Visitor: 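Okay, handing you the structure first.
Each chain gets a letter, A, B and so on, in the order its sequence line appears, and its residues count up from 1. These numbers come from a predicted model, not from an experiment.
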Amino acid sequence: MPELPEVETLRLGLQKYLVGHKILDVKVNVSKIFQGSAKDIIGAKVKEIKRVGKGLIIELDNGFDLVIHLKLTGQVIYRDKKTADLKLSDKAGGQLPNKFTHVTFALDSDAFLFYNDVRRFGWVKVIKDSKLSELPFFKEMGPEPFKDLTLEKFEDIISKSLIAIKVLLMDQKRIGGIGNIYANDALFLAGIDPRRKAKELSPDEAKKLYEAVLEVLKNGLKYGGASDVDFINVLGQEGKYQDYFLAYGKNQKKCSRCSGTIEKIMVGGRGTYFCPACQR
DNA sequence: AGTCGCCTGGTA
DNA sequence: TACCAGGCGACT
């Protein structure tokens, strides 16, 4: 699932390949995914790529932004003459564009940017740069790891809530960028039961968890994100973090830290993987 | 704070 | 063939 490390991986790739390109044309196949007016971005040049939580912002030089959220299965893939020979992951759904390509951007220098999305939960939005901060998605985004989420702020956030610590980690309004994979792995690394009430963590546990969050996100980024499902980077290649999952997806596998077995339960309506023997 | 709906491919 | 995957907004 695209979470902070996956979206950041994509941002780095877009920063490298997309900046400087001019948008010549936009073709929309699934209208509910593309919001706003394509006219507003045609002819504009890409200035910079930013990220807020799991959201991507493509800043253009004409006062408009292209905002993208991948939700569960969104992909943003860049192709040009130089990258045409690179092998595309099967997860892209075949030669582009294909039946999962819902928006195609034609760029100068014979380059293309494709938005693919099997389940069509994601969106691509054209918005005036000055209105960006009014989007609820960005306005309500909580502090982010590696940015403004300090240990003090983290302690403050968890001390105020009775919800399960795992649900809190995934709540974008409280903390930005963490989804199911990294929430599971951070709690495993910190040795904390995902069902514990947030405010009942000790200061020592809070610190451990804070550091674990940074650690697993850093690892995710190091391996180019997790491609266990549909994530691929801007060149259509898979990340490797799925080979380094600590707990996520490891139902009935041996715990890597003790003699226990990883179990799958539901917490906050989501699949949750943990070791009942060493996560307390 | 908890549940549902949006979607569709893959799997039991 | 029913069910599961989960980010996030809407709703209760």
Visitor: Kindly write out the residues that satisfy ring pair (Phe, Tyr, Trp, His ring centres under 6.0 Å) with Phe114(A), not counting sequence neighbours, or none if the list is empty.
Guide: Phe112(A)
Visitor: Looking across every strand, which nucleic acid part, if any, lies under 4.0 Å from Lys32(A) by heavy atom: base, sugar-phosphate, or nothing?
Guide: sugar-phosphate
Visitor: With clusters defined by side-chain heavy atoms of hydrophobic residues (ILVMFWY) lying less than 4.5 Å apart, directly or transitively, does Leu60(A) cluster with Phe138(A)?
Guide: no
Visitor: Students often get this wrong, so: under 4.0 angstrom with heavy atoms, is Gly271(A) touching a base, only sugar-phosphate, or nothing?
Guide: sugar-phosphate
Visitor: Could you measure between the two P atoms, the one in dC7(B) and the one in dC11(C), and give it in whole Å?
Guide: 15 Å
Visitor: Using the rule given for side chain to side chain donor-acceptor pair (under 3.5 Å), can you reason through Lys166(A) versus Thr272(A), listing the C-alpha separation, both sets of side-chain angles and the distance that settles it, and then say yes or no?
Guide: CA-CA 9 Å; Lys166(A) 179 179 177 248; Thr272(A) 298; 2.9 Å; yes
Visitor: When Watson-Crick pairs (N1 to N3 and N6-O4 or O6-N4) and G-U wobble pairs (N1-O2 and O6-N3) count only below 3.5 Å on both distances, what is the dot-bracket string of DNA chain C, with | for other-strand pairs?
Guide: |||||.||||||
Visitor: Identify each donor-acceptor pair in which a side-chain atom of residues 43-52 of chain A lies under 3.5 Å from a protein atom, sequence neighbours left out, and give them as a table.
Guide:
from	atom 1	to	atom 2	distance (Å)
Lys50(A)	NZ	Glu59(A)	OE2	2.8
Arg51(A)	NE	Glu8(A)	OE1	2.7
Arg51(A)	NH1	Gly53(A)	O	2.9
Arg51(A)	NH1	Glu144(A)	OE1	2.9

Visitor: With Tyr244(A), which residues qualify under ring pair (Phe, Tyr, Trp, His ring centres under 6.0 Å), at least two apart?
Guide: Tyr223(A)
Visitor: So that I know where these two stand, are Phe245(A) and Phe188(A) an aromatic pair - ring centroids less than 6.0 Å apart?
Guide: no
Visitor: Would you mind telling me which of Val103(A), Ile57(A), Ile33(A), Val76(A) makes a side chain to side chain contact (heavy atoms under 4.5 Å, CB included) with Ile68(A)?
Guide: Val76(A)
Visitor: Residues two or more places apart in sequence or in another chain: which of them pass salt bridge (Lys or Arg N to Asp or Glu O under 4.0 Å) with Asp156(A)?
Guide: Lys160(A)
Visitor: Could you check Lys99(A) against Val167(A) and say which one's nearest nucleotide on DNA chain B is further toward the 5' end?
Guide: Val167(A)
Visitor: Would you say that more than 12 heavy atoms from the other residues, nucleotides or ligands in this model lie under 6.0 Å from the CG of Asp243(A), or not?
Guide: yes
Visitor: Write down the protein N/O and nucleotide N/O pairs, taken from nucleotides 2-4 of chain C, whose separation is under 3.5 Å; answer none if there are no such pairs.
Guide:
none

Visitor: With heavy atoms of chain A within less than 4.0 Å as the criterion, where does contact along DNA chain B begin and end?
Guide: dA1(B) to dG9(B)
Visitor: Once each nucleotide of nucleotides 7-12 of chain C is scored for protein heavy atoms under 4.0 Å, what B/S/- sequence comes out, 5' to 3'?
Guide: BBS---
Visitor: Within a strict 4.5 Å, meaning less than it, do heavy atoms of the Pro145(A) and Leu214(A) side chains meet?
Guide: yes
Visitor: Near Lys222(A) NZ, under 6.0 Å, is it more than 12 heavy atoms from other residues, nucleotides or ligands?
Guide: no
Visitor: Mind checking ring pair (Phe, Tyr, Trp, His ring centres under 6.0 Å) for Phe231(A) and listing every partner two or more places apart, or none if nothing turns up?
Guide: none
Visitor: Test of understanding: with salt bridge (Lys or Arg N to Asp or Glu O under 4.0 Å), list the residues that count as partners of Arg195(A), not counting sequence neighbours.
Guide: Asp193(A)
Visitor: Given Tyr241(A) and Val216(A), is the side chain to side chain contact (heavy atoms under 4.5 Å, CB included) satisfied, shown in steps?
Guide: CA-CA 10 Å; Tyr241(A) 183 69; Val216(A) 297; 4.1 Å; yes
Visitor: Pick the P atom in dC6(B) and in dT1(C), then give their distance to the nearest Å.
Guide: 23 Å
Visitor: Mind running a 4.0 Å heavy-atom check of residues 234-247 of chain A against DNA chain C and sending the residues that fall below it, in number order?
Guide: none
Visitor: Pairs under 3.5 angstrom only: tabulate donor-acceptor contacts from the side chains of residues 19-27 of chain A to other protein residues two or more places apart or in another chain.
Guide:
from	atom 1	to	atom 2	distance (Å)
His21(A)	ND1	Asp108(A)	O	3.3
His21(A)	ND1	Asp108(A)	OD1	2.5
His21(A)	NE2	Tyr78(A)	OH	2.7

